[in-house]
Amino acid sequence: MTKRYWTSATAPASAAPTATVDAVRGDEFAPDVALAIAELRARHDLDSTSCQSAGNSAEELDRLRRTLSDLIPGINRRSFLRLTGAAAVFSLAACGPKHPDMVVPWSQQPEGSILGTPQYYSSVLRDGGLPTSVMVKTYDGRPIKLEGNPDDLHCDGRLDARGQAAILNLYDPDRLQDGPHQGDGHALSKISWQDLDTAIGEALKAGPIGLVTGPIDSPAQKQLLQALAQGFGDRFQHAVLEAYPRHAEARARSQLFGNATLPVYRVDRAAVLVSFGDFLGAPQQSMRELVDFGNFRRLRVGTSGSELGQVIVFEPTLSQLGTCSDLRVRVAPNQLATAAWAIAQGVAQSLGVAFPAAASAGSASQRDSLATSLRAVPGTDNLSPIDFAVGKLLAARSSGAHSLVWAGGSNLQGDDALALQLAVAYLNSILGNEGVSVVTPAPEHAPLVDDGSAATVIDKAGSGDIATLIVWGVNPAYLMPASVASLSKAKTLVVLSDRPDETAVLAHYVVPILHGLESWGDAELSPGYYAVQQPVIAPLWDARAAEESLMAWATAAGLSTFTADKIPADATYVSVVTRRALWQAAANGVITWQQYVKGLWTTTQYTNSGSAADPATFWNAALAKGILNIPVNAVAIQPAAGTLELPAAPAEAGGSMQLVITASRTMRDGECLNNAWLQELPDPVSKICWDNYLAVSPVDAARLGIATNTMVKLTVGTTVLSIPAHVQEGQHPGTLELFAGWGRTHAGAVALLSAENGGVSINAFTLSALPLPLALSASVSATGEAYVLASPQSHDFMEGRPVALDEVVGLRGRKSKESGPTWVAGIDGAAGGGVSALRTHHIYPGHKWGMTIDLNTCIGCNACTVACTAENNVPVVGRDEVRKNRVMHWIRIHRYYSGSFDKTGDAMAVVSEKSPESLLDVEVVHQPMLCQHCDNAPCEAVCPANATMHNNEGVNLQIYNRCVGTRYCSNNCPYKARRFNWYQYSAYRAGPINSGNPMARIAHNLRTSGATSAPIELSLAPLQMQLNPEVTVRWRGVMEKCNFCIQRTRTIHDKEHADNRRLPDNVITTACAQTCPTKSIVFGDVNDPESEVVRTAQATGSSYRLLDEALNTKPAISYLKRVRNRPATAEEEGEFEAPSAGAMPAAVPGSHGQGGAG
Amino acid sequence: MSAGNQTTILADDELTPAKLTDDVIAPLFKLPPMAWHGAFMTANGFTLLLFLAFGMHCVEGIGIFGINNTVGWGNYIVTYIFWIAIAVAGTLVSSILFLFRQRWRNAINRSTEAMTVFAISVAGIFPAMHTGRPWTDYWFMPYPNDLSLWPQFKSPIIWDVFAITGYATTSIVFFYLGLIPDLATVRDRATNPIQKMVYGALALGWKGTASDWRHYERSYRQFAWLATPLVIGMHSTIATLVAAGDLAGWHATIFPPYFVDGAIFNGLGMALLMLVPLRIAYKFQRYITMDHLERLAKIMLVCSCILGYIYLTEFYCAWYGESIYERQHFLWYRIDGAHAWAWLFMIGGNVIVPQLLWVKSIRRSSAGLVLVGLCCLLGMWFERFVITDVSLELDFLPANWNYYSFSSWDWLILSGSFGMFFTMFLGFIRVAPIIAIAELKQTLFTPPAETKSQPSESNRHIVVQGANHG
């Protein structure tokens, strides 16, 4: 029986004292009261009604009352009346409509939880596509921030931009909120879980079953699929669908090695990377590639000189890797294979390896003409980049090191890219990279990937050969628009999706699934590295794990594999936001997905691990650590002799232009298109956000009269698209670039902002079937219509200013002829601060926080920006506000192009004219920009309200509630690190009211879906659950900016106080430094000469502080110069004096040394 | 007669003290012409739009204007400096010329003082409104509070707050002080009892006794002494507000004299634009003569030449200083960048067009003066735009470069500021004498000290005992 205190006793309280006795009738009392009443009845031999006033004398009643009050322990008559009175008041207060479940007390304190202290849980995340092991920071059961799992060697505790933004996907209001739906092709209507399971069970019994999923890397999911295949037998067909399948790669390896398993690339084991396509921004990229690339690119200064991995890129468009390359070679898309085979020929000849006859016969002349047509490597004696690459690959091999040749871009996987993939596999094989930098797993450790059968399965569903088609976690209607016809003809189409997406609107049944952070699971991150996925929050809405749905339907269809004992439903299982009762597998006699995963881990995984502990301990340890490593051997790869058949090289596209479709570097396959953080994230290369665009080469733009921010007409076959153009520096003439991952119509309100409200969002998948071809023949023409693309950066060149500096590796340590500005290397790292004479008045006796940012390893990936956004409650402002240059990011990455037009160091320089040709071969540098925390901060002196000031740890703080909003500080900040709340951005999801406020739309969605009748209050729900409770949500009219994550650095005081010792370095770090995948950002205490931040600043002797020479601002941030691992040009040589013997850079300059070549 | 006192206003038989009083006061007691009504209603309309923009700003946020993260100050600040500069010229006429014994200023000092007070009223609202949270502006003032938090006196904004409040207070008191004898005259002439009562109250019981005059003259002189350093200091402070910033285009020591000179130029341009139509509409050609206007024009010409010199100095310093940031700003962006047209407006309106004033016929033509005055206002507004915004647009790090453009609300703010100014000015000329009667009588009917002994035939001076007896 439910306990109800006071409720019944209060009803007649106004009629006390009679009421007191009257109330005795009720049984709904606390046990002690009930006991007292029973005792009273027994003592006076009364039946249950005889305590009433009627029929009793006044004396009798009085006597009874007194006895009763004596019997009730601790309550006498007066206090009883007082309490009933109070209860009457409170019960009146409870009148009116109420949400009985809205307040949930900590009736049971979860184990280990301390109120207000965050808890960390390990889990697995797949929002970015590939699985990543993460640590989830939760406050009182509410996940607020994701970090990489530090125990995971792949991510090293780091996370990329999409991983950081995944927390917003969890709280996306556009997720399906109210359980399963059935559709009739027009509208969706609600259906109960029970009816759904019965209906689909019947459908599954009826005939052949098709299941289309994304790549499957999870051992538990693999086992589930095997069980389904066994249970349903031949009736069951499973196909994997990927937006960017690696077909050509698999085919090439199959042809060459007889093994189609896709390898894992380890760039950190190489000294030279020769890449065709984007290693960093490609959809295949996981955390491991980023972390490895950081290690590969980090400058190592030894006694014999400076070393760093060399990146040579052959590509038609400027990719993210292209921006990080040492030598970038522009090649037309259809000549990539020729270039690769030209290198292969050179390498094979030098190594004396037999060159495949098919390759040498076909296009030797093409290779020669290509080699001569490419721009010679600058700084060499007219050396072709092909020969340069050959030389570097051979040099690495002869020095005992390894190299890596790679081709993995989203458009290098079609049939026409087979020749390229063959050359790459052949090169890696003859260079001895197989097994070292190219690791092939055993098939059972490789994920199930797209083999091209998904289209067949869908077609079968359309033709009726498959009766029931289940689509789980992928979106064929969006990725393969041609499949819509088949999908809508399917007899029964069941879609397991977290939102009513493009495929779901065609479905007969739409079944909501859980977000990764709500669900159980596991993953095999790479061969032998397993991770456990555990939920960190109760499901927000009425949904269930996709696997549980599959098991429930299999059970309903008569399979006994997944049955379990029925356990009565537990009413306490309610969704977090709506307080609606949740689906419970146990109540329906189905094994829960949690039990299933745990079952696998406590049997198979436990046995394989050879753990000495008992299974329960093993499981708990796996949950705590999140990672389990069971070493497996890589498969040895041997070339299969004489099987190489090289397809004919793609024909030259005659006259028209070549359109390359690249995976959006932010959106990848468009799954997270409704994520406002990602929408507002500028592309690493073009710096454009919120819109899809067509990148055009500067030469073509000049020829065709196309300007940035105008609409163009793109014609591909019979399709004509209207799309804004962006003139992209570095793009090969004759090449166009369009990004896939945009143009979703059913992703949610934020994604719709691109389609509605004058935005442009083009679905590139409509142009070609999967996999995307190397290039499409296309033409483009200017329309003259204006369309302003939103970009937080409006100028791309340094114009001779010493802003983001670079140096050539061979010239490091040489003395500069230029006496010019002297760059002070390193941070004044001596204890107590105050090294330079000018700084003596700034003394920081305890900690002094500082940062180094290595421009050499920064790849512009924006992970820092999203991490900061999540950590510091930075609002999204929307497309129009970005156009107005009001983006709020506290840390952003400036991207500068440099090239022949630069007149570095020329003080008379005015901004130079740049010919389109001079913009083709630009070099790029990424420069993260945030508050520099100047010791002599220009902002502090001008604030009239003392709203910005230094603390005694060298941090420049912003005190929001003192800020009046004069914006003088921002005007006076030479770095423009400050951000102003022009509107009440914190109330907006993606932009203010006057720029097409999506809030109203979200409220509308909620109201129509029946989630709430009070849309205004709940319109942001549950987005605000993500807010970090340690950080103030800023109001409009105040300035805000980076404060070195003060909420993180302050905790060090508590810890130091508790431990009574100085905390070691790196215990506390900022969100950006924590997540930086390449470890480009290092944060720490510069008062500690042993700290990593000081050692990093001093290690390479090339650090500088931005604008310090001009303004004496004394920033707390040191930048390390970008180092270019290529031959120095004559002009660059000319800036330095001739080398003297032994003039290598000192590895460690003085604490405030003068290292750094000017 | 010294040059400073030369005037062509003749106190002949026709012009008696009584006639002067009648002429000046007459408009107060009759319905104004339709032109006045039209102008007043138009100005009112713009004022309403101004307050509509203020309201929208408070409801929606300052984001409705065109400013952005790179250009944090825009129209509010530009227009604020523009109006505060106009105030400066009024004080020049009322107190600086007074201290220099330039008694010809008596014909125009009332209108220029009014200009000062109204310009400062308009200007005062703008910096108060331009903050992100205008309702917290009182934090700029040092007042005892729970948090023991005082303004930061290092900040030029705080200097600015004190400079403006001090200057505004002084100007308003000075203006009112000068009005008192004339208010008493209006009180004495008024027939309507309500007018009599109101003007009587405003005249503070002025009787025109010798002791009244002694106190009046002494305090007037003292306020003139007070206002002169205040006005120069005030505008120098505003110059420092910019010069204390570290931007190329802001960070220059020449700014205080530069700003004061520009302000005088700007204010005189506005004064010409007001006086030329005013004297024609009110048929005051006799009192506000071409001679007066020519003198103002001559001062403008000097100021314009100084401005030209200062503009050149900026470029020279940028070239000589070898800082790439300053060089690119001045030698490229300012004269050849996206907003070079603003710089051309500034040079054209402030330096080139005013050179017309070397020509006497232009100096003495209403149309010529109005043209120069308009160009001056345009040029001076763009000068502040160039200094404030063009400097901000392209600052140190090229990736931060960005442009500033008006939103539709910015146009309301700019046009509304003129509306508010003219509302106050047109209202003022309706209710108060627009020429300082008492002071003008002193000039006309009191022989100057050095000519007292030799009255000329054509210049018969009448000694009067008290202005209000005329």
Side-chain angles (χ1 to χ4, degrees), chain A residues 793-803 881 884-887 892 894-896 906-911 927 929 938 940-946 962-972 974-976 978-984 992-994 1035-1039 1106-1107 1110-1111 1113, chain B residues 60-73 127 130-137 139-140 147 149-158 160-161 241 244-247 250 319 322-325 327-328 331-333 336-337 388 391-392 394-403 407:
Chain A
Q793 181 175 346
S794 64
H795 196 82
D796 301 323
F797 310 97
M798 282 180 275
E799 309 297 358
R801 300 181 176 196
V803 176
E881 291 293 284
K884 288 179 189 162
N885 181 28
R886 291 173 179 172
V887 78
R892 76 271 188 194
H894 289 168
R895 183 265 300 113
Y896 293 107
D906 182 358
M908 265 306 273
V910 296
V911 175
Q927 184 175 43
M929 184 52 57
E940 288 172 13
V942 297
C943 176
N946 279 311
R962 277 186 198 168
C963 178
V964 181
T966 66
R967 305 183 297 288
Y968 197 173
C969 52
S970 175
N971 289 341
N972 216 29
Y975 312 95
K976 288 286 172 287
R978 297 176 153 264
R979 295 286 174 254
F980 191 67
N981 284 274
W982 302 98
Y983 291 108
Q984 182 75 25
I993 287 166
N994 58 4
W1035 217 58
R1036 89 168 144 93
V1038 303
M1039 193 60 80
L1106 189 56
L1107 293 179
L1111 297 167
T1113 46
Chain B
E60 275 280 293
I62 198 166
I64 62 170
F65 300 110
I67 31 183
N68 55 54
N69 279 340
T70 301
V71 186
W73 285 352
H130 102 287
T131 62
R133 302 194 289 169
W135 46 92
T136 57
D137 282 350
W139 294 355
F140 293 147
L147 303 172
L149 194 64
W150 281 64
Q152 175 172 248
F153 292 100
K154 271 190 288 183
S155 169
I157 289 181
I158 291 298
D160 206 30
V161 167
L241 183 71
D246 51 19
L247 284 164
W250 281 23
W319 171 78
E322 287 229 340
S323 158
I324 191 169
Y325 309 104
R327 277 193 173 178
Q328 288 190 346
L331 305 181
W332 163 63
Y333 186 57
D336 193 26
T388 311
S391 305
L392 277 167
L394 268 60
D395 66 342
F396 291 95
L397 303 185
N400 293 329
W401 290 358
N402 232 301
Y403 301 108
S407 77

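Just so we're on the same page: letters track the sequence lines, and every chain starts at 1. Quick caveat: nothing in here was measured; it's all calculated off a predicted structure.
With a 4.5 angstrom heavy-atom cutoff, A:Asn885 touches chain B via backbone and side-chain atoms both. Interface remark: B:Tyr325 contributes backbone and side-chain atoms alike to the contact with chain A (heavy atom separation under 4.5 Å). Using a 4.5 Å cut-off between heavy atoms, B:Trp250 contacts chain A through its side chain alone, with no backbone atom that close. Neither the backbone nor the side chain of A:Gln927 comes within contact range of chain B, judged by heavy atoms closer than 4.5 Å. Only the side chain of A:Tyr896 comes within contact range of chain B, with at least one heavy atom under 4.5 Å from a heavy atom of that chain. Of the two parts of A:Phe797, only the backbone, made up of N, CA, C and O, holds a non-hydrogen atom closer than 4.5 Å to a non-hydrogen atom of chain B. If you measure heavy-atom distances from B:Leu149 to chain A, the contacts under 4.5 Å come from the side chain alone. With a 4.5 angstrom heavy-atom cutoff, A:Met1039 does not touch chain B via any of its atoms. For chain B, the nearby parts of A:Ser794 are the backbone and the side chain; heavy atoms of each come within less than 4.5 Å.
Here A:Arg886 is the residue among A:Arg886, A:Arg979, A:Arg895, A:Arg962 with the most heavy-atom pairs under 4.5 Å with chain B. Comparing B:Ile158, B:Asn402, B:Thr136 by how many heavy-atom pairs each has under 4.5 Å with chain A, the most go to B:Asn402. In terms of heavy-atom pairs under 4.5 Å with chain B, the best-connected choice from A:Lys976, A:Gln793, A:Arg978 is A:Lys976. For the set A:Pro938, A:Gly965, A:Pro944, the entry with the most heavy-atom pairs within less than 4.5 Å of chain B is A:Pro944. Taking B:Leu247, B:Ile67, B:Leu392 one by one and counting their heavy-atom pairs under 4.5 Å with chain A, the maximum is reached by B:Ile67.
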With side chain to side chain contact (heavy atoms under 4.5 Å, CB included) as the criterion, how do A:Val942 and B:Ile157 come out once you've worked through the C-alpha distance, each side chain's angles and the decisive distance to 0.1 Å? CA-CA 7 Å; A:Val942 297; B:Ile157 289 181; over 6 Å; no

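A:Arg892 and B:Asn400 form a side-chain donor-acceptor contact under 3.5 Å, judged by distance and modelled atom types alone. Side chain to side chain, B:Asn69 and A:Trp982 meet the donor-acceptor criterion of an N or O pair below 3.5 Å.
Considering only heavy atoms from C-beta on, A:Phe980 stays 4.5 Å or farther from B:Asn68 through its side chain. Looking only at side-chain heavy atoms (C-beta outward), A:Arg967 and B:Ile62 come within less than 4.5 Å of each other. Annotation: side chain of B:Leu397 is in contact with side chain of A:Leu1107 (closest heavy-atom distance under 4.5 Å). The shortest distance between side-chain heavy atoms of A:Val803 and B:Pro398 falls below 4.5 Å.
A donor-acceptor pair under 3.5 Å is formed between the side chain of B:Gln328 and the backbone N or O of A:Glu799. Under the 3.5 Å distance criterion, the side-chain polar atoms of A:Tyr983 are matched with a main-chain donor or acceptor of B:Ile64. Within the 3.5 Å criterion, the main-chain N or O of A:Ala941 finds a donor-acceptor partner in the side chain of B:Gln152. With hydrogens and angles ignored, the 3.5 Å screen pairs no side-chain donor or acceptor of A:Arg1036 with any backbone N or O of B:Gly63.
To the nearest 0.5 angstrom, B:Phe140 atom CZ is 6.0 Å from A:Thr966 atom OG1. In this structure, NE2 on A:His795 lies 7.5 Å from OH on B:Tyr403, to the nearest 0.5 angstrom. Atoms CG and CG, on B:Asp395 and A:Asn972 in that order, are 10.5 Å from each other to the nearest 0.5 Å.
The aromatic rings of A:Trp1035 and B:Trp135 lie perpendicular to each other, with more than 60° between the two planes, well past the 30° mark.
Taking each heavy atom of B:Trp150 and A:Asn946 in turn, the nearest pair found is O-ND2, 2.9 Å.
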